[in-house]
Amino acid sequence: MAGLDAALAGVVTWIEGNLMVDVVRITRPVAGDPVLDPDTGRLTPPTPDLIYEGIGGVIAAGAPGGISSLPSATLPWAEETMSPARLFTPLTAPMPARDDLVTVVTVHNPQNTALIGRTWFCQDPGRASSIEVVRITPLDMRQAPRTQGGA
């Protein structure tokens, strides 16, 4: 419906100018054997494929996440928290796939750097709808090791 798309063009412009104010990078991990880094002598995973780098926004989705299992020193696994978010990208950006990684590269406010370098997993492909003004992809934050963040 060309008329509807034209009517929503102003909404698209507003969302891109007011909600997609940071630069995000979407990468896709690739399969393959680790590669020897001659400078460090360490094996490093293959370089992921770059899917998109451009305007976007990571928006927290609802209340803070909970713990998906009961923590216990006797269990063979660590508890895992859930930190859901939503990625907003333009409709012209490629569709992220499940398990792609999203990283915030730069933020619009240099005083608010808490997002820079954080990584999220794409939980599903970007959502699709008959009427769209922004691509929305469900995310879950990649958790930092317990040794970071004051523990």
Side-chain angles (χ1 to χ4, degrees), residues 11-130 132-151:
V11 176
V12 171
T13 301
W14 187 90
I15 289 174
E16 287 181 357
N18 292 283
L19 297 180
M20 290 189 273
V21 293
D22 298 329
V23 175
V24 298
R25 178 181 300 138
I26 303 171
T27 57
R28 183 164 298 148
V30 295
D33 294 329
V35 179
L36 179 64
D37 181 342
D39 294 333
T40 65
R42 294 181 175 198
L43 292 175
T44 58
T47 303
D49 291 334
L50 178 64
I51 304 301
Y52 172 76
E53 185 166 328
I55 65 167
V58 175
I59 311 296
I67 295 176
S68 60
S69 65
L70 296 175
S72 171
T74 62
L75 294 176
W77 62 83
E79 72 275 9
E80 185 175 315
T81 61
M82 298 171 288
S83 299
R86 299 286 182 255
L87 170 66
F88 289 2
T89 52
L91 296 175
T92 56
M95 178 89 61
R98 181 178 171 92
D99 297 327
D100 280 356
L101 299 173
V102 175
T103 305
V104 175
V105 179
T106 61
V107 292
H108 69 286
N109 180 350
Q111 302 302 315
N112 184 12
T113 59
L115 284 176
I116 294 177
R118 291 193 186 195
T119 304
W120 290 262
F121 293 102
C122 293
Q123 293 178 317
D124 284 315
R127 303 274 167 104
S129 176
S130 295
E132 294 181 309
V133 294
V134 63
R135 175 156 296 121
I136 301 173
T137 305
L139 304 175
D140 190 18
M141 188 182 299
R142 186 177 192 181
Q143 300 302 315
R146 188 174 287 273
T147 56
Q148 295 180 2

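Note that the structure is predicted; figures quoted are calculated from it, not measured. Below, all heavy atoms of this structure are taken into account, side chains as well, without hydrogens, waters or symmetry copies.
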Rounded to the nearest 0.5 Å, what separates atom CG in D37 from atom CG in L43? 9.5 Å
Check: V104 and R118 side chains under 4.5 Å, non-hydrogen atoms: no
Check the pair T119, M141 against side-chain contact (heavy atoms from CB on, under 4.5 Å), reporting the backbone distance first and the verdict last. CA-CA 6 Å; T119 304; M141 188 182 299; over 6 Å; no
For D33, look at atom CG and say whether over 12 heavy atoms of other residues, nucleotides or ligands are found less than 6.0 Å away. no
Between the CE atom in M95 and the CG atom in D100, the distance rounded to the nearest 0.5 Å is 11.5 Å
Heavy atoms, side chains only, cut-off 4.5 Å: are E53 and V105 in contact? yes
Could you pull out the closest heavy-atom pair between P29 and D99, with the gap in Å? CD-O, 3.8 Å
Would you say that P90 contacts Y52 through its side chain, given a criterion of any heavy-atom pair below 4.5 Å between the two side chains? yes
May I have the step-by-step check of side-chain contact (heavy atoms from CB on, under 4.5 Å) for L139 and C122, ending in yes or no? CA-CA 5 Å; L139 304 175; C122 293; 3.9 Å; yes
Nearest-0.5 Å distance, CD1 of residue I15 to CG of residue L91: 9.0 Å
Write down the atom of V24, the atom of I55, and the distance for their closest heavy-atom approach. CG2-O, 4.2 Å
CG-CG distance between D22 and N109, expressed to the nearest 0.5 angstrom: 9.0 Å
With side chains defined as the heavy atoms from C-beta onward, is the minimum distance between V12 and V134 less than 4.5 Å? no
Nearest heavy atoms of R135 and P96, plus distance in Å: CD-CD, 3.9 Å
Between T40 and R42, is there a donor-acceptor pair closer than 3.5 Å when you use the side chain of the first and the backbone of the second? yes
Is there a donor-acceptor pair closer than 3.5 Å between any side-chain N or O of E16 and the backbone N or O of T13? no
What do the steps show when you test V21 against N18 for side-chain contact (heavy atoms from CB on, under 4.5 Å), and what is the final call? CA-CA 6 Å; V21 293; N18 292 283; 5.5 Å; no
Is a side-chain donor or acceptor of R98 paired with a backbone partner of Q123 at a separation under 3.5 angstrom? yes
At their closest point, which heavy atom of V30 faces which heavy atom of T47, and how far apart are they? CG2-O, 3.4 Å
Minimum heavy-atom separation for P34 and P46, please, with both atom names. CA-CD, 4.5 Å
About how many Å separate CG of L115 and OG1 of T106, when rounded to the nearest 0.5 Å? 10.5 Å
Spatial distance of atom CZ (F88) from atom OG1 (T137) [nearest 0.5 Å]: 10.0 Å
I'd like to know whether L87 forms a side-chain contact (heavy atoms from CB on, under 4.5 Å) with W120, so could you lay out the CA-CA distance, the side-chain angles of the two residues, the decisive distance to 0.1 Å, and finally the verdict. CA-CA 9 Å; L87 170 66; W120 290 262; over 6 Å; no
